[in-house]
Each structure stands twice: as structure tokens, then as C-alpha cells.
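The structure appears right after this line, and notes come after that.
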Amino acid sequence: QVQLVESGGGLVQPGGSLRVSCVASAPTLRGYALAWFRQRPGSEREFVAAISRDSASTYYGDSVKGRFTMTRDNGKSTVFLQMNSLEPEETAVYYCAAGKRVITSALGSRTAYDFWGPGTQVTVSA
């Protein structure tokens with residue numbers, strides 16, 4: 001069992017930047033695919049970014065490409081999401097997820113992940 005806890009959410013102005021983090025209870029995240037999803041009020045959970053199990057590849061949702069960067073620190077069991085040029089429509093709860101058996105083609109599927117954090121609220125508003 002892996003427990004995940006997100007942090008770093010908050011209020012940011014449109015066009016601003018924010019970095020959210022996710023710490024895992026496991027000694028290492030090596031071998032886990034990791035992802036960020038977000039959920040706006042009244043909407044389904046949406047794929048944001050993911051890193052493959054071997055850390056060789058990183059994938060992004062179309063709406064965040066070029067603005068968001070996902071990184072991982074296996075030694076500290078931590079994953080980060082750097083978000084730049086944030087827009088009000090990106091106000092949401094941001095969740096991190098981990099999975100041991102996630103294949104590359106399923107990295108964007110929320111059903112592929114076994115473990116989820118409780119989420120951190122990101123609000124983009126003037």
C-alpha cells in the first residue's frame with residue numbers, strides 16, 4: 001500500500017505560476033508510473049501529466065503542453081508539477097496517482113492507477 005499526500009496548492013493570479021508536490025509513503029517510487037490529474041467542480045477527473053515506470057517518458061494533456069512540467073525524485077519519493085501561465089479555467093483539485101502496472105498506452109487513464117492522494121486545491125483568480 002502506498003499513501004500519497006499532495007501539497008503546494010493555493011491561490012494564484014491568472015498568468016501566474018505554482019508548483020505542487022506529492023510525497024509517497026513508499027521508500028522509493030522506482031518502478032511506479034506517476035501521474036497528475038485534476039477535477040473541476042461538476043466535471044470528471046482529467047489527465048494532466050504522467051511519467052512512465054522507467055522514467056524514460058513524460059506525457060502531458062493537450063491543454064497543458066508547453067506550460068506544465070512534471071518531474072520525479074525517486075530518492076525522496078516525491079513528484080512535482082510545475083504549472084506556469086495558469087488560467088482561471090484551471091481552478092481545480094489536483095491529485096497525484098501511482099501505479100505499478102501502468103503500461104505506456106494507459107498513462108492517461110485514471111482507472112489505471114492504484115493509489116491516489118486526497119488532492120490539493122489550486123485556485124486561479126484575480
Side-chain angles (χ1 to χ4, degrees):
Q1 192 77 4
V2 176
Q3 292 184 327
L4 304 170
V5 178
E6 303 92 341
S7 62
L11 175 64
V12 60
Q13 291 190 340
S17 298
L18 199 65
R19 188 177 82 156
V20 292
S21 305
C22 174
V23 179
S25 60
T28 179
L29 288 175
R30 287 188 178 91
Y32 286 87
L34 301 166
W36 287 96
F37 289 77
R38 64 187 179 191
Q39 189 164 18
R40 302 181 183 95
S43 299
E44 292 188 351
R45 201 164 291 190
E46 172 193 18
F47 170 71
V48 176
I51 293 180
S52 59
R53 287 181 295 170
D54 60 4
S55 299
S57 303
T58 306
Y59 300 88
Y60 297 94
D62 289 341
S63 64
V64 306
K65 285 179 182 176
R67 298 186 298 118
F68 287 17
T69 303
M70 182 178 180
T71 56
R72 65 191 289 171
D73 184 335
N74 289 330
K76 295 182 180 179
S77 297
T78 305
V79 59
F80 305 95
L81 183 67
Q82 175 68 42
M83 303 181 289
N84 298 328
S85 302
L86 282 160
E87 303 166 354
E89 309 81 65
E90 297 181 297
T91 293
V93 178
Y94 284 70
Y95 298 91
C96 69
K100 267 269 191 182
R101 297 175 299 274
V102 185
I103 60 176
T104 300
S105 61
L107 283 170
S109 172
R110 62 183 184 271
T111 60
Y113 295 88
D114 302 309
F115 307 107
W116 292 84
T120 185
Q121 176 71 45
V122 173
T123 301
V124 186
S125 175

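- A 4.5 Å side-chain heavy-atom check between Cys22 and Trp36 finds at least one atom pair inside the cut-off.
- Between the Arg38 side chain and the Val48 main chain, no donor and acceptor come within less than 3.5 Å of each other.
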Side-chain atoms of residues 97-109: list all donor-acceptor pairs with protein atoms under 3.5 Å, sequence neighbours left out, distances to 0.1 Å.
unit_1, atom_1, unit_2, atom_2, d
Arg101, NH2, Asp114, OD1, 3.4
Ser109, OG, Thr111, N, 3.4
Ser109, OG, Thr111, OG1, 2.9

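- Under the 4.5 Å side-chain heavy-atom criterion for grouping Ile, Leu, Val, Met, Phe, Trp and Tyr, Tyr59 is not connected to Met83 through any hydrophobic cluster.
- Summarising the geometry, atom CD belonging to Glu87 is positioned 14.0 Å from atom OG belonging to Ser125; distances are rounded to the nearest 0.5 Å.
- Using a 4.5 Å heavy-atom threshold, the side chains of Tyr60 and Arg67 count as separate.
- Here Phe80 contributes atom CZ and Arg72 contributes atom CZ; the two are 12.0 Å apart, rounded to the nearest 0.5 Å.
- The aromatic rings of Phe37 and Trp116 sit tilted relative to each other, their planes meeting at an angle between 30° and 60°.
- Connection of Leu86 to Phe47 is not established within any shared hydrophobic cluster, with ILVMFWY side chains joined at heavy-atom distances below 4.5 Å, either directly or through further cluster members.
- Counting only distance, with no hydrogens or angles, the side chain of Thr91 and the backbone of Val124 share a donor-acceptor pair below 3.5 Å.
- Going from atom CE of Met70 over to atom CD1 of Ile51 covers 4.5 Å, rounded to the nearest 0.5 Å.
- Between Tyr95 and Leu4 there is no side-chain heavy-atom pair separated by less than 4.5 Å.
- Of the candidates Leu29, Thr71, Leu34, Val23, Val23 is the only one forming a side chain to side chain contact (heavy atoms under 4.5 Å, CB included) with Thr78.
- Annotation for Ser17 and Asn84: closest pair OG-OD1, 2.9 Å, computed over non-hydrogen atoms.
- Counting only heavy atoms from C-beta outward, the side chains of Phe68 and Glu90 approach each other to under 4.5 Å.
- Electrostatic pairing of Arg40 and Glu46 counts as a salt bridge here, judged by a charged N lying under 4.0 Å from a carboxylate O.
- Counting non-hydrogen atoms of other residues, nucleotides and ligands closer than 6.0 Å to CD of Gln3 gives a total of 12 or fewer.
- A heavy-atom distance below 4.5 Å is found between the side chains of Glu44 and Arg110.
- Every pair tested for salt bridge (Lys or Arg N to Asp or Glu O under 4.0 Å) that includes a residue from residues 5-20 fails, sequence neighbours excluded, so the list is empty.
- The two atoms that bring Pro118 and Val93 nearest to each other are O-CG1, 4.5 Å, heavy atoms only.
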